[in-house]
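Positions are given from 1 along the sequence.
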Amino acid sequence: MIHLSKLLHTLPLFLAASARAMEARALAQQPSPSLMERAGLSLAKLALALQTDTKRTFWIVCGPGNNGGDGLVAARLLHSQGRRVRVSLIPSKSRTPADAQTALLTAQAAGVPITQDLTPALDTGLAIDALLGLGSDRAPSGAIATAIQTLNQLGAPVLAVDLPSGLAPDSGNCYGDWVVQAQHTLCLLSLKPGLFTGAGRACSGEIWLDTLGVTPDQPDARLIGLDCLRDWGQPASHMQHKGSQGDVLVIGGAPGMRGALRLAARAALASGAGRVYACPLDPTGDTEPLNELDSQAPELMQLRLSRLSDVHTWAGRTVLCGCGGSQAVAASLSTALNQAERLVLDADALNAIAADPKLQSQLQQRAARQQTTILTPHPLEAARLLGCDTKTVQADRLAAAQQIADRFESYVALKGSGTVITAPARMQQMPLINASGSAALATAGTGDVLAGWLAGLWAQAPRQDPQALAAAAVHWHGLAGQSQALGPLRAGALVERMHENRASFAER
């Protein structure tokens, strides 16, 4: 069993259909002890580790399927250890699976107190949600919904079996109004994408995994681990110089929004780019003397807007466009789409593309010219690109990110809780989901920092897989957010926090 709070390695994720196929294969092999016995044993062990007070009761709420069967096995094993156990069992409206029926009869024979009453014991120390797991694809109703409400109102911590009941395993969407708010989730056999994106992270708590000794099949996606940053924690070669570290051109910062440009450019510098040029979207700058762009980052160089018409301006540079761009960015986008070999599009650049079919066509044509693009939308920007609403995007974030990647022939980092990183389908690359980050990043400017950091990494490693680069930037960004215990992490401080974290990657 592993605890995912220390996610050192990238791990496989399985959609519900794949997880069920893996379970069917394991059941067909019929090893001894049975799969349900192994699942129940794992659950009982974790329950004992989480609740050590022998005077407290384990309240196990079991549904009528195999998830409930896992709970019944755990109840029997906990009872055999002399622990206080109370089982609330919701009866089946149809035929109970054979293994679950066996688990029930065995628990009854062992003297486990089993009732249909959904009233928890007053001395409950740990509640176990063994209601649904993968066994549902619709909003909970009836006794199941009542049980979920009772679990959420309970003062004791909740341990969910496989998935918090009411959570969609593939999307992280909530099936209805009621989903278990668990403090811990024990995944059996495999990890599911929905635990790490959408509402999943908010209701799953600390996540544990026990593969039950079953060899996994080919995954459907991957969960990013710290290993994506290993190369960025290595010492630099003595032969490196600023010219070999790559150049970044940042276009943005319309009047009144200059801060976004500064943050993105500072991030590109702090990530390790050799030279960073900032191009403010202010036409008056072409007729006035160049003022100091950023007194806190004198390393930044300023580029006049008129220079964008010179093809030499774009040569060899990684370009970031859109941070603080407002509507002024649209005038420069066409040139950027045509000229930039490597292009990160964020914020107002994405909004401009969503509103202009000609720009959309230009973006789609970049791949045919061997020009690579990474888009970094938040859910609202993603909805604009897809011509839908944010609710539709959030209902299936993996699907939304893949649709954008395919429509615009670009790599996509769909930001939010559990950022999803996808490549165009033609690249045949699995989606990636990021598990780092916290609400500390929910503040103005942190998206500009991410975009700038990504551009800076790309400038240093122009031949590296863009999806892997996006994964590194997103995970690095999230780790910095987790380092803030309370309150928001201001975007300016975020840049420095990310810069300071580099040394720790090689140590872990």
Side-chain angles (χ1 to χ4, degrees), residues 240-255 257-326 328-349 352 366 371-374 376 445 447-462 466 469 473 491-492 495 498-499:
Q240 287 180 310
H241 52 86
K242 67 181 180 181
S244 64
Q245 292 296 95
D247 292 356
V248 175
L249 169 60
V250 186
I251 304 169
M257 304 182 73
R258 191 62 59 83
L261 175 66
R262 293 190 184 108
L263 287 167
R266 286 185 200 175
L269 272 173
S271 74
R275 293 172 293 210
V276 178
Y277 300 83
C279 179
L281 292 169
D282 186 355
T284 60
D286 286 341
T287 58
E288 297 177 358
L290 286 177
N291 297 317
E292 189 172 34
L293 179 71
D294 189 345
S295 60
Q296 296 183 41
E299 306 92 337
L300 286 177
M301 292 177 280
Q302 186 169 342
L303 194 76
R304 292 187 186 274
L305 189 60
S306 60
R307 290 281 304 280
L308 297 185
S309 60
D310 183 352
V311 294
H312 297 97
T313 297
W314 306 89
R317 290 173 178 166
T318 299
V319 179
L320 165 59
C321 186
C323 298
S326 189
V329 74
S332 302
L333 255 180
S334 181
T335 304
L337 290 168
N338 282 330
Q339 298 293 341
E341 179 182 352
R342 296 176 300 278
L343 179 61
V344 180
L345 294 176
D346 186 48
D348 289 315
R366 283 177 50 79
Q371 295 173 321
T372 308
T373 317
I374 303 177
T376 58
D448 303 311
V449 171
L450 173 61
W453 202 272
L454 171 54
L457 296 186
W458 204 0
Q460 297 168 69
L469 283 166
V495 174
M498 292 178 72
H499 183 264

Of all heavy-atom pairs between [X] and [Y], which one has the smallest distance, and what is that distance?
X: A459; Y: D247; value: CB-O, 3.8 Å
X: L457; Y: L469; value: O-CD2, 4.0 Å
X: S271; Y: Q460; value: O-NE2, 2.9 Å
X: L263; Y: G445; value: CD1-CA, 3.8 Å
X: L343; Y: A336; value: CD2-O, 4.0 Å
X: A352; Y: V329; value: CB-CG1, 4.3 Å

Answer whether the closest heavy-atom distance between the side chains of [X] and [Y] falls below 4.5 Å.
X: C323; Y: L261; value: no
X: T318; Y: P462; value: no
X: L303; Y: L308; value: yes
X: P280; Y: R258; value: yes

Measure the spacing between [atom1] of [X] and [atom2] of [Y] and express it to the nearest 0.5 Å.
X: N338; Y: R366; atom1: CG; atom2: CZ; result: 8.5 Å
X: M301; Y: E299; atom1: CE; atom2: CD; result: 10.0 Å
X: D348; Y: I251; atom1: CG; atom2: CD1; result: 13.5 Å
X: L345; Y: T373; atom1: CG; atom2: OG1; result: 6.0 Å
X: R317; Y: E341; atom1: CZ; atom2: CD; result: 13.0 Å
X: W453; Y: L320; atom1: CH2; atom2: CG; result: 14.0 Å

Please check if atom NE2 in H241 has more than 12 non-hydrogen atoms from other residues, nucleotides or ligands closer than 6.0 Å.
yes

Using side-chain contact (heavy atoms from CB on, under 4.5 Å) as the criterion, list what pairs up with Q339, not counting sequence neighbours.
V311, W314, T335

Among all residues two or more places apart in sequence or in another chain, which pass the side-chain contact (heavy atoms from CB on, under 4.5 Å) test with A328?
A254, L281

Whether the T376 and D346 side chains hold a donor-acceptor pair (N or O, under 3.5 Å, no angle test) is what I'd like checked.
yes

Checking side-chain contact (heavy atoms from CB on, under 4.5 Å) for the pair I374/W458: CA distance, chi angles, key distance, verdict?
CA-CA 10 Å; I374 303 177; W458 204 0; 3.6 Å; yes

Got a sec, which residues hit salt bridge (Lys or Arg N to Asp or Glu O under 4.0 Å) with R342, two or more places apart in sequence or on another chain?
none

